Amino acid sequence: MSVQTKKRQRTCIGCAATQQKGALHRIVRTGEGEVAFDPTGRISGRGAYVCSTDCLAAARKTRKLERALRCKVTDEDYERVLRELALAEAPGKNEE
Ligand SMILES: [Zn+2]
């Protein structure tokens, strides 16, 4: 009997790399219409995935994030999410 593990694949909106869900950072548009970084991946709402701050910056230039979330993303939103992403990427912080 073969064991097939089904892994949920997600695509980065910056570089279009496909990775397992946990390997990417999730950005979510909440029910209130707020764009936020979602470190737990559990916030309900429309989500988009990026590998890194670089990929988010790339998605900003091409407006892919706005397309993925189907809403307007302001400069403030980008700055806030970039900051939170940078913190999440900082070395020395282990994630489960
Ligand atoms: Zn990427």
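Computed from a predicted model, the values in this text were never measured in an experiment.
- Here the side chains of R10 and Q20 are not in contact, with every heavy-atom distance at 4.5 Å or above.
- For the 3.5 Å distance criterion, the side chains of R26 and Y49 qualify, holding a donor opposite an acceptor.
- For the atom pair E66 CD and T74 OG1, the distance stands at 9.0 Å (nearest 0.5 Å).
- A 4.5 Å side-chain heavy-atom check between E89 and T53 finds at least one atom pair inside the cut-off.
- Smallest separation of non-hydrogen atoms from H25 and C51: CD2-O, 3.3 Å.
- From R29, atom CZ reaches atom CD of E32 across 11.5 Å, with rounding to the nearest 0.5 Å.
- Distance check: E34 CD to C71 SG gives 10.5 Å after rounding to the nearest 0.5 Å.
- Between F37 and L87, the closest side-chain pair of non-hydrogen atoms is not below 4.5 Å.
- When all heavy atoms of C15 and C12 are compared, the pair lying nearest together is N-SG, 3.4 Å.
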- Would you please test L24 and V50 for side-chain contact (heavy atoms from CB on, under 4.5 Å) and show each step? CA-CA 6 Å; L24 294 171; V50 294; over 6 Å; no

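- Looking at L69, I43, V35 one by one, the single match for side-chain contact (heavy atoms from CB on, under 4.5 Å) with V28 turns out to be I43.
- To the nearest 0.5 Å, atom CZ of residue R67 and atom CD1 of residue I13 are 10.0 Å apart.
- Side-chain contact between V81 and E76: absent, with no pair of heavy atoms (C-beta onward) separated by less than 4.5 Å.
- Here the side chain of D75 pairs no donor or acceptor atom with the backbone of E79 at under 3.5 angstrom.
- L82 contributes atom CG, which lies 8.0 Å from atom CD1 of I27 (distance to the nearest 0.5 angstrom).
- Separating the CZ atom in R80 from the CG atom in L85 is a distance of 12.0 Å, to the nearest 0.5 Å.
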